[in-house]
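The figures that follow rest on heavy atoms only: side chains count, while hydrogens, waters and symmetry mates do not. In listed order, ligands and their atoms are each counted from 1.
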Amino acid sequence: MNQQGLLPELRKVGEKILSKERLSEEDGLLLFEQASLPYVGVLANLVRERLHGDITYFNRNFHIEPTNVCVFSCKFCSYSRLYAHREEGWELTADQMMDIVRSYDGKPVTEVHIVGGVHPKMNLSFFTDLVRQIKAHRPGLHIKGFTPVELDYMIRKAKLSIEEGMKLFHEAGLDSLPGGGAEIFHPEIRKQICDDKVDADGWLRIHEVAHELGMHSNATMLYGHIEKYWHRIDHMKRLRDLQDRTGGFNTFIPLKFRNSNNEMSHVAESSAIEDMKMYAVARLFMDNFPHLKAYWPMLGRENAQLTLSFGVNDIDGTIDDTTKIYSMAGSEEQNPAMNTEELVALIQQVKRVPVERDTLYRVVRDYDKEPVEVLPS
Ligand code: V47
Ligand code: SF4
């Protein structure tokens with residue numbers, strides 16, 4: 001790599017990456033503030049290829065969004081409706097959600113992703129029953145569901161400790177937690193964009209307890225709005241510290257803020273260049289996260305392809321148009337749906353190797369080798 005003309009501090013950061021040394025918070029901030037896109041890109045790609053070669057994971061999943069009625073009022077949310085206006089939203093019954101699950105009978109999906117608003121009447125026993133019903137119907141389907149925002153509300157309302165509540169979900173059959181609800185941890189920003197929901201320590205504690213119970217989880221960060229670079233580093237540092245203690249996170253997913261139909265529509269969205277820098281710095285700073293995911297319905301297909309050169313090794317799943325979170329916030333994908341062939345082609349077009357995975361990154365099918373049996377479910 002040509003490091004001529006580089007700031008000596010940036011050169012040192014590059015040397016740390018080459019010698020597999022951990023980056024400090026100052027190093028991460030320096031990359032955001034001073035490094036060129038090619039510089040962070042080359043380093044992030046080096047780490048990506050060191051860890052995964054050309055392998056790019058995707059999975060076959062579907063989403064269930066039980067409701068968009070929510071007791072909270074996050075300023076960036078384009079999707080929720082207050083309980084007082086619930087006639088404008090949707091509330092699925094357990095039977096309707098089971099109908100969605102049954103509609104995938106015989107189809108080779110490996111995961112259901114369940115996330116929605118925080119409905120005051122959908123309580124802990126409603127959702128633990130739902131999880132039990134899904135498991136009874138299809139034991140091999142991995143259930144990834146509920147953010148700490150939903151869990152904290154349900155568990156507190158049931159007057160249980162976090163440990164007791166999470167144990168009930170685990171025993172019901174919840175396999176892992178998705179990454180949502182993290183937003184930006186620092187209170188300076190959290191106060192302005194999502195004041196009333198679970199705070200950073202509460203979010204981190206629920207993931208920690210999940211990890212202690214043997215569950216895995218993902219982590220996200222909502223970036224590109226009113227936060228500064230140092231807030232992003234602070235957020236990633238808190239996740240990196242927890243991962244050092246538990247090792248329970250699979251994936252880090254930076255989520256690009258979209259500004260349609262919400263109370264933050266006056267805030268400009270980040271450019272593609274900023275997005276690629278975000279992924280690259282995340283790959284370099286989050287050295288104990290095995291995977292970095294770009295969620296294609298939010299970024300759009302072409303930008304998702306680009307991220308594969310900036311540290312990303314996973315582009316989520318086929319999802320079949322079953323999520324509304326991003327289409328309502330103005331993402332490129334108004335009706336996100338991609339079948340397996342399209343996802344495979346998307347990855348191959350940028351000369352990477354598609355590998356279908358399950359939620360825990362076990363290989364279901366490696367497109368570089370002979371086709372293999374799809375895992376039984
Ligand atoms: O927490 C809401 C985000 C998240 C907007 O774990 C917005 O595999 C951008 O976490 N602009 C929920 N983002 C979705 C989520 C997720 C998605 C895909 C995969 C996984 C996983 C997790 O969506 C929320 C919030 O951060 N969000 N509104 C918006 N206007
Ligand atoms: Fe509710 Fe989640 Fe929307 Fe916040 S982001 S208002 S918690 S649905």
Side-chain angles (χ1 to χ4, degrees), residues 57-59 61-63 65-83 85 89-90 111-120 122 142-154 175-185 189-190 193-198 203 207 210 216-225 227 235 249-265 267 269-270 275 289 291-299 304 314-317 319 322-333 336 357 359-361:
Y57 292 99
F58 68 94
N59 70 347
N61 62 355
F62 63 100
H63 289 223
E65 295 177 356
T67 183
N68 67 340
V69 174
C70 190
V71 298
F72 298 119
S73 35
C74 306
K75 300 259 191 311
F76 54 81
C77 183
S78 321
Y79 153 94
S80 67
R81 297 292 176 270
L82 287 171
Y83 188 66
H85 303 290
W90 69 86
E111 171 190 285
V112 55
H113 174 132
I114 310 175
V115 170
V118 179
H119 192 295
M122 291 180 172
H142 185 107
I143 306 179
K144 179 180 78 178
F146 312 111
T147 67
V149 180
E150 298 161 277
L151 292 165
D152 177 68
Y153 182 86
M154 286 189 264
D175 295 298
S176 64
L177 305 188
E183 323 313 356
I184 289 285
F185 286 143
I189 300 298
R190 208 166 180 85
I193 65 171
C194 55
D195 193 23
D196 47 1
K197 69 186 187 188
V198 70
W203 191 100
H207 280 261
H216 285 266
S217 71
N218 294 338
T220 59
M221 173 170 70
L222 179 70
Y223 74 92
H225 43 91
E227 88 289 0
H235 187 98
F249 287 115
N250 279 331
T251 316
F252 181 54
I253 315 162
L255 294 171
K256 175 192 174 86
F257 164 68
R258 309 305 308 233
N259 70 3
S260 295
N261 307 314
N262 57 44
E263 287 181 58
M264 288 170 67
S265 293
V267 178
E269 292 181 357
S270 54
D275 295 336
F289 273 64
H291 305 287
L292 180 66
K293 185 188 324 191
Y295 186 51
W296 67 263
M298 172 255 290
L299 276 180
D314 185 349
I315 54 169
D316 202 78
I319 77 166
T322 47
T323 177
K324 305 227 171 341
I325 294 180
Y326 289 104
S327 47
M328 291 170 83
S331 64
E332 272 80 357
E333 302 284 341
R357 61 163 176 87
T359 313
L360 303 178
Y361 289 82

Undergrad: Does G117 offer a backbone N or O that forms a donor-acceptor pair with the side chain of N68 under 3.5 Å?
TA: no
Undergrad: Hey, does L255 sit under 4.0 Å from ligand 1 if you only count heavy atoms?
TA: yes
Undergrad: As an exercise, identify every atom of ligand 1 less than 4.0 angstrom from a heavy atom of G181.
TA: 1 (O)
Undergrad: Where the side chain of N262 meets the backbone of F76, is there a donor-acceptor pair that is under 3.5 Å apart?
TA: yes
Undergrad: Is any side-chain heavy atom of R357 closer than 4.5 Å to a side-chain heavy atom of D314?
TA: yes
Undergrad: Out of H225, H63, M221, H113, who gets a non-hydrogen atom closest to atom 16 (C) of ligand 1?
TA: H113
Undergrad: Checking the side chain of W203 only, and the main-chain atoms of T147 only, is there a donor and an acceptor separated by less than 3.5 Å?
TA: no
Undergrad: Under 4.0 Å, counting heavy atoms only: does K293 come that close to any atom of ligand 1?
TA: yes
Undergrad: Can you tell me if T67 and H119 form a side-chain donor-acceptor pair at under 3.5 Å?
TA: no
Undergrad: Parallel, tilted or perpendicular: which describes the rings of F289 and F252, with under 30° parallel and over 60° perpendicular?
TA: perpendicular
Undergrad: In ligand 1, which numbered atoms sit nearer than 4.0 Å to a non-hydrogen atom of T220?
TA: 10 (O)
Undergrad: At less than 4.0 angstrom from any non-hydrogen atom of F76, what atoms of ligand 2 do you find?
TA: 5 (S)
Undergrad: Out of Y223, W203, F76, who gets a non-hydrogen atom closest to atom 29 (C) of ligand 1?
TA: F76
Undergrad: Check ligand 1 against F257 and write out every atom of the ligand that is under 4.0 Å from a heavy-atom position of the residue.
TA: 9 (C), 11 (N)
Undergrad: For the residue pair E150 and V115, establish whether any side-chain heavy-atom pair is separated by less than 4.5 Å.
TA: yes
Undergrad: Just which atoms of ligand 1 are under 4.0 Å from any heavy atom in N218?
TA: 6 (O), 8 (O), 21 (C)
Undergrad: Which part of M298 is near ligand 1, with near meaning a heavy atom under 4.0 Å away: side chain, backbone, both or neither?
TA: neither
Undergrad: Just do the salt bridge (charged side-chain N to carboxylate O under 4.0 Å, His left out) check on R190 and E183 with the steps written out, would you?
TA: CA-CA 8 Å; R190 208 166 180 85; E183 323 313 356; 5.8 Å; no
Undergrad: Please state whether K256 comes within less than 4.0 angstrom of ligand 1, counting heavy atoms only.
TA: yes
Undergrad: What protein N/O/S atoms lie closer than 2.8 Å to atom 1 (Fe) of ligand 2?
TA: C70 SG
Undergrad: Apply ring pair (Phe, Tyr, Trp, His ring centres under 6.0 Å) to H291 and list each qualifying residue two or more places apart in sequence or on a separate chain.
TA: H52, Y57, Y361
Undergrad: In terms of atom number and element, which parts of ligand 1 are under 4.0 angstrom from non-hydrogen atoms of Y295?
TA: 17 (C), 18 (C)
Undergrad: Please could you name the atoms of ligand 1 that P178 approaches to less than 4.0 Å, counting only its heavy atoms?
TA: 6 (O)
Undergrad: Under 3.5 Å, is there a donor on one side chain and an acceptor on the other for N261 and Y79?
TA: no
Undergrad: So, H216 versus F249, ring centres under 6.0 angstrom or not?
TA: no
Undergrad: If you take all heavy atoms of T220 and G181, which pair is closest and at what distance?
TA: OG1-N, 4.4 Å
Undergrad: Counting distance only, does the side-chain N/O of K256 pair as donor-acceptor with the main-chain N or O of S270 below 3.5 Å?
TA: yes
Undergrad: Counting from 1, what ligand 1 atoms have a heavy atom of I253 closer than 4.0 Å?
TA: 6 (O), 8 (O), 20 (C), 21 (C)
Undergrad: Out of K144, H142, E65, which one pairs with H113 under the side-chain hydrogen bond (donor to acceptor under 3.5 Å, both in side chains) rule?
TA: K144
Undergrad: Could you see which bit of V149 sits under 4.0 Å from ligand 1, with heavy atoms only: side chain, backbone, both or neither?
TA: neither
Undergrad: At less than 4.0 angstrom from any non-hydrogen atom of N262, what atoms of ligand 1 do you find?
TA: 30 (N)
